[in-house]
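Inspection log for the structure reproduced underneath, given as structure tokens.
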2 protein chains.
Amino acid sequence: MTAPRPGARRPDGYDPHAFEPFAVTVDLAVFTVRDERLHVLLVRRGQEPYRGAWALPGGFVLPRESAGQAARRELAEETGLSGTTVARLHLEQLRTYSDPDRDPRMRVVSVAYTALVPDLPEPRGGGDAEHAQWLPYGSYGPLAFDHDTILADAHERVGAKLEYTCLATAFCPPEFTLGELRQVYETVWGVELDRPNFRRKVLATPGFVQAVEGPPRLTGGRGKPAALYRAGQATALHPPLLRPEGRQE
Amino acid sequence: MTAPRPGARRPDGYDPHAFEPFAVTVDLAVFTVRDERLHVLLVRRGQEPYRGAWALPGGFVLPRESAGQAARRELAEETGLSGTTVARLHLEQLRTYSDPDRDPRMRVVSVAYTALVPDLPEPRGGGDAEHAQWLPYGSYGPLAFDHDTILADAHERVGAKLEYTCLATAFCPPEFTLGELRQVYETVWGVELDRPNFRRKVLATPGFVQAVEGPPRLTGGRGKPAALYRAGQATALHPPLLRPEGRQE
DNA sequence: GCCTTTATAGTCAAGGTGACTCTTAAAGGG
DNA sequence: CCCTTTAAGAGTCACCTTGACTATAAAGGC
């Protein structure tokens, strides 16, 4: 009834040719906050199918690498960032998409990853169709393949993780103000948060952020200069920072 | 540098033979609560590698099915339950394991699923090595392949989801008492919960459970007979029901 | 009839939350 | 230079949730 299987109890002999070969790829949902809007890294397809449509960056998993290694390699290639820089970015497996018809050409199983990055300089060759570009979330037509679904799942996941992890600092540069951190929450959730309450909750969570000693200023904008903070060593938030009319998956 | 890729921007022509073929399987971490202990469904391997070791049930994804369909099919085969019964069980994708060396024979990428079931009758042919068996969580030696890792990840995920979803009812029969529901939390989390407080929180969450009209009793054990409840239509818990010294992923 | 066990009701103090106000320190415009 | 605008940051207050705890009710075992 079924092919032999690694790790199963079936008595059949093991035959490497008795299974259907699949292509395995990774797809990347890369988010950043730029100009107070959530942006996504996308590439324009130059061939059929979906020629001319936007798609998530990604690529094949190579013979000797794991899906996670493939994702980090693709992220470095698409953003033009150095390997050491990419190694510090937040990259997390989202889930795997395996509908038999998700690619009209052949059977492709794709492991999707979500990456969160601070506002980076425009990817190498900005504006060049050869490289990925930042687009405001939602500001594009339908994406190729099932990438709209993947991106929606990724957005939902990021929004949920902001509630109970310190993930928001991954969107920020090494040193940031509480206003910038609040911007992350407001941008991803699409809501406005009360400034004093946000401040109180963040500072009340040990290990979320830690104050930077230096001069308590960082100007360029209007208003009273804000103190600088660095990401703390905590990874989970207790208690969680729930969004106003919160839902979850 | 890389093979051509569906959904990417590369200008290369598309060549279905330029990628490495992978086998794609599903692995199942199936939990239940039996005799106040958390149990897992395992199969004993009858062949090398890991001959004689316990392993998670699972199998190949067939050419015309998605990973989710494969998982449900395998679950029906391993438990001996009917397709309609299995269709009602809670089944959820956990994550994908793709280390190049996770199977010594060949390249196998496995999509892991977590299933939660009420205390079922022993799988067909109970005690028969041909079929899966329930074992108390942790009561076995090292599992085959990376299945210890998968199972630990699944356990962590289930524990976390009990906090902010109505998942616990998936462990219970159609009608259950609040004591049984509390048993689920205590068993999965490995803690004791205060009865009155647990009751207050569950009943305060709209849509978590709904009272059954009938006679407010279900006896067989000691103590005052408990009222019966059914699972409500809610899926998320607001506010969450946090475990005592809670951690998360 | 007593003791044990479990369900269910109720109390209370501590702490977290949302909504708000007020002050301070900058930038920009006339 | 003054006044307005903007944002940071301090502080208040009523409400609600929470954990810890006490009390009562209803069953079974001896």
Side-chain angles (χ1 to χ4, degrees), chain A residues 33 35-36 162-164 172 175-187 189 191-212 214-229 234 236-246, chain B residues 33 35-36 162-164 172 175-187 189 191-206 208-212 214-229 236-246:
Chain A
V33 173
D35 302 330
E36 310 189 6
L162 288 189
E163 292 191 319
Y164 55 94
C172 297
E175 297 191 344
F176 52 88
T177 68
L178 292 188
E180 291 168 344
L181 190 65
R182 186 172 41 80
Q183 275 284 345
V184 170
Y185 279 89
E186 293 181 337
T187 303
W189 288 349
V191 299
E192 282 210 359
L193 299 177
D194 181 81
R195 266 181 265 253
N197 290 342
F198 179 83
R199 174 187 186 80
R200 186 217 298 156
K201 294 196 68 165
V202 170
L203 295 182
T205 304
F208 191 0
V209 298
Q210 64 186 78
V212 171
R217 51 183 58 236
L218 163 80
T219 314
R222 287 178 289 239
K224 177 174 174 177
L228 286 178
Y229 294 86
L237 288 188
H238 283 285
L241 210 160
L242 300 173
R243 38 191 156 177
E245 295 297 283
Chain B
V33 173
D35 301 332
E36 309 189 7
L162 287 189
E163 292 189 314
Y164 55 93
C172 297
E175 298 192 343
F176 51 87
T177 68
L178 292 188
E180 291 168 344
L181 190 65
R182 185 172 42 79
Q183 275 284 344
V184 170
Y185 279 90
E186 293 181 337
T187 303
W189 287 349
V191 299
E192 282 209 0
L193 299 177
D194 181 82
R195 265 180 265 252
N197 290 342
F198 178 81
R199 173 187 186 79
R200 187 216 300 158
K201 295 197 66 166
V202 170
L203 295 182
T205 303
F208 191 0
V209 298
Q210 65 185 77
V212 171
R217 52 183 56 233
L218 164 82
T219 314
R222 289 176 290 237
K224 176 176 175 177
L228 286 179
Y229 293 86
L237 288 187
H238 283 284
L241 210 160
L242 301 173
R243 37 191 156 177
E245 296 296 284

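Note on naming: letters A, B, ... go to the chains in the order of the sequence lines (proteins, then strands), and numbering restarts at 1 for each one. These values consider heavy atoms only, across backbone and side chains, with no hydrogens, waters or symmetry-generated copies.
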message = In whole Å, I'd like the distance from the CG atom of L203(B) to the C1' atom of dT17(D).
response = 15 Å
remark   = Rounded to whole Å, the CG-C1' distance (L241(B) to dG19(D)) equals 13 Å
query = Can you list the residues that meet the side chain to side chain donor-acceptor pair (under 3.5 Å) rule with D194(B), with sequence neighbours excluded?
reply = N197(B)
query = How far does NZ of K201(B) sit from CG of L193(B), to the nearest 0.5 angstrom?
reply = 10.0 Å
inquiry  = Can you measure E36(A) atom CD to dA7(D) atom C1' for me and round it to whole angstrom units?
reply    = 12 Å
ask   = Looking at R200(B), does any N or O in its side chain come under 4.0 Å of the phosphate oxygens OP1/OP2 on dT8(C)?
value = no
request  = Take atom CD of E163(B) and atom C1' of dT18(D), then tell me their distance rounded to the nearest Å.
outcome  = 15 Å
inquiry  = Among residues at least two apart in sequence or on other chains, which ones pass ring-ring contact (aromatic ring centres under 6.0 Å, His included) with Y229(B)?
reply    = none
remark   = What residues 191-199 of chain A contributes to the DNA chain C interface at heavy-atom separation below 4.0 Å is D194(A), P196(A), N197(A)
request  = Applying side chain to side chain donor-acceptor pair (under 3.5 Å), name anything that partners E186(A), two or more places apart in sequence or on another chain.
outcome  = R182(A)
L242(A) CG - dT17(C) P separation (whole Å) = 8 Å
Heteroatom pairs (N/O) under 3.5 angstrom, protein to nucleotides 3-5 of chain C:
none

query = Looking only at atom types and distance, does a side-chain atom of E36(A) sit under 3.5 Å from a main-chain N or O of Q183(A), one as donor and one as acceptor?
reply = no
key: Atom pair OG1 (T205(B)) and CG (L241(B)), whose distance is rounded to the nearest 0.5 Å   = 7.0 Å
Whole angstrom value for the distance that separates P of dT8(C) from NZ of K201(B) = 19 Å
inquiry  = Using the rule side-chain contact (heavy atoms from CB on, under 4.5 Å), only one of P240(A), P244(A), P239(A) pairs with L242(A); which is it?
reply    = P240(A)
task = Could you point out which residue of Y185(A), W189(A), F208(A) forms a ring-ring contact (aromatic ring centres under 6.0 Å, His included) with F198(A)?
result = Y185(A)
ask   = Is T177(B) reaching over with its side chain to a backbone N or O of E180(B), donor-acceptor style, under 3.5 angstrom?
value = yes
remark   = P239(A) has its side chain closest, among dT17(C), dG19(D), dT8(C), to dT17(C)
